[in-house]
Amino acid sequence: MRIILIALLVVLFGYSLALVLQNSTELSVDLLFTQIPAMRLGLLLLITLALGIVIGLLLGVLVFKVIQKGWEIKRLRKDIEHLRKEQIQMAQVAAAQVAANTKHEKTVVEVQPETQNRTPL
């Protein structure tokens, strides 16, 4: 991966160098807040290309974060729904156990021997 990245950077540097050398025409550039009387066209193209790449990457990262957060919200909603269903099932099982215990307690009568209260006479 590093080799590919280094090769890409070398190609990009070579392209930008060729762009500056091929476009050596001087021209005046009027920026909104200032004016540059003489600038090489290749350098202007290179600056514009670099700004475009930086702005594109920043916007891409922001858009990807928004998409990633949307995916995370969907996943968390599914998890919440799954946990709710699981909690409802556990509550139903617990209610059924309580009902069964209550029914069992009503049917079983505890019989205590009354021999303790009797005297042998």
Side-chain angles (χ1 to χ4, degrees):
M1 185 66 180
R2 286 184 183 176
I3 296 173
I4 294 172
L5 184 61
I6 291 171
L8 185 64
L9 288 174
V10 167
V11 168
L12 187 63
F13 178 75
Y15 175 74
S16 60
L17 184 64
L19 189 67
V20 170
L21 293 176
Q22 289 292 327
N23 297 302
S24 60
T25 307
E26 299 256 339
L27 55 102
S28 65
V29 178
D30 184 18
L31 302 172
L32 292 176
F33 303 109
T34 186
Q35 188 172 15
I36 301 173
M39 180 181 238
R40 292 181 125 187
L41 179 61
L43 185 60
L44 179 64
L45 288 172
L46 188 62
I47 291 171
T48 305
L49 179 67
L51 283 174
I53 289 172
V54 168
I55 291 172
L57 285 173
L58 289 175
L59 287 175
V61 166
L62 288 175
V63 168
F64 181 71
K65 280 187 178 181
V66 168
I67 292 171
Q68 188 178 17
K69 286 182 181 183
W71 291 339
E72 184 73 13
I73 288 170
K74 285 181 184 178
R75 185 186 65 79
L76 290 173
R77 283 186 179 155
K78 285 181 183 178
D79 286 348
I80 288 172
E81 188 63 32
H82 174 72
L83 290 173
R84 281 185 184 159
K85 287 179 182 178
E86 190 176 296
Q87 195 175 27
I88 289 170
Q89 288 175 351
M90 290 176 68
Q92 288 173 346
V93 168
Q97 287 177 350
V98 168
N101 286 342
T102 304
K103 186 177 181 183
H104 180 69
E105 286 176 2
K106 288 181 181 178
T107 56
V108 174
V109 178
E110 292 185 14
V111 178
Q112 293 185 0
E114 295 192 20
T115 57
Q116 296 172 356
N117 295 339
R118 293 186 187 175
T119 58
L121 295 174

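Values below: all heavy atoms of this structure, side chains included; hydrogens, waters and symmetry mates excluded. All values derive from a computational prediction rather than experimental measurement.
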With a cut-off of 6.0 Å (strictly less than), are more than 12 heavy atoms of other residues, nucleotides or ligands near [atom1] of [X]?
{"X": "Gln87", "atom1": "CD", "value": "no"}
{"X": "Ile3", "atom1": "CD1", "value": "no"}
{"X": "Leu83", "atom1": "CG", "value": "yes"}

Between [X] and [Y], is there a shared hydrophobic cluster once you connect ILVMFWY residues whose side-chain heavy atoms come closer than 4.5 Å?
{"X": "Leu44", "Y": "Val20", "result": "no"}
{"X": "Tyr15", "Y": "Leu17", "result": "no"}
{"X": "Leu46", "Y": "Leu12", "result": "no"}
{"X": "Met39", "Y": "Leu19", "result": "yes"}
{"X": "Val29", "Y": "Leu51", "result": "yes"}

One should read off an interatomic distance between Glu26 CD and Leu43 CG, to the nearest 0.5 angstrom, of 10.0 Å
(request) May I ask you to test the Leu58-Val54 pair for a side-chain heavy-atom distance under 4.5 Å? (result) yes
**Request:** State, yes or no, whether a side-chain contact exists between Ile67 and Val63 at a heavy-atom distance under 4.5 Å.
**Result:** yes
Residues at least two apart in sequence or cross-chain that pass salt bridge (charged side-chain N to carboxylate O under 4.0 Å, His left out) with Arg75, listed by chain then number, are Glu72, Asp79
Result for side chain to side chain contact (heavy atoms under 4.5 Å, CB included) between Leu59 and one of Leu57, Ile55, Val61 points to Ile55
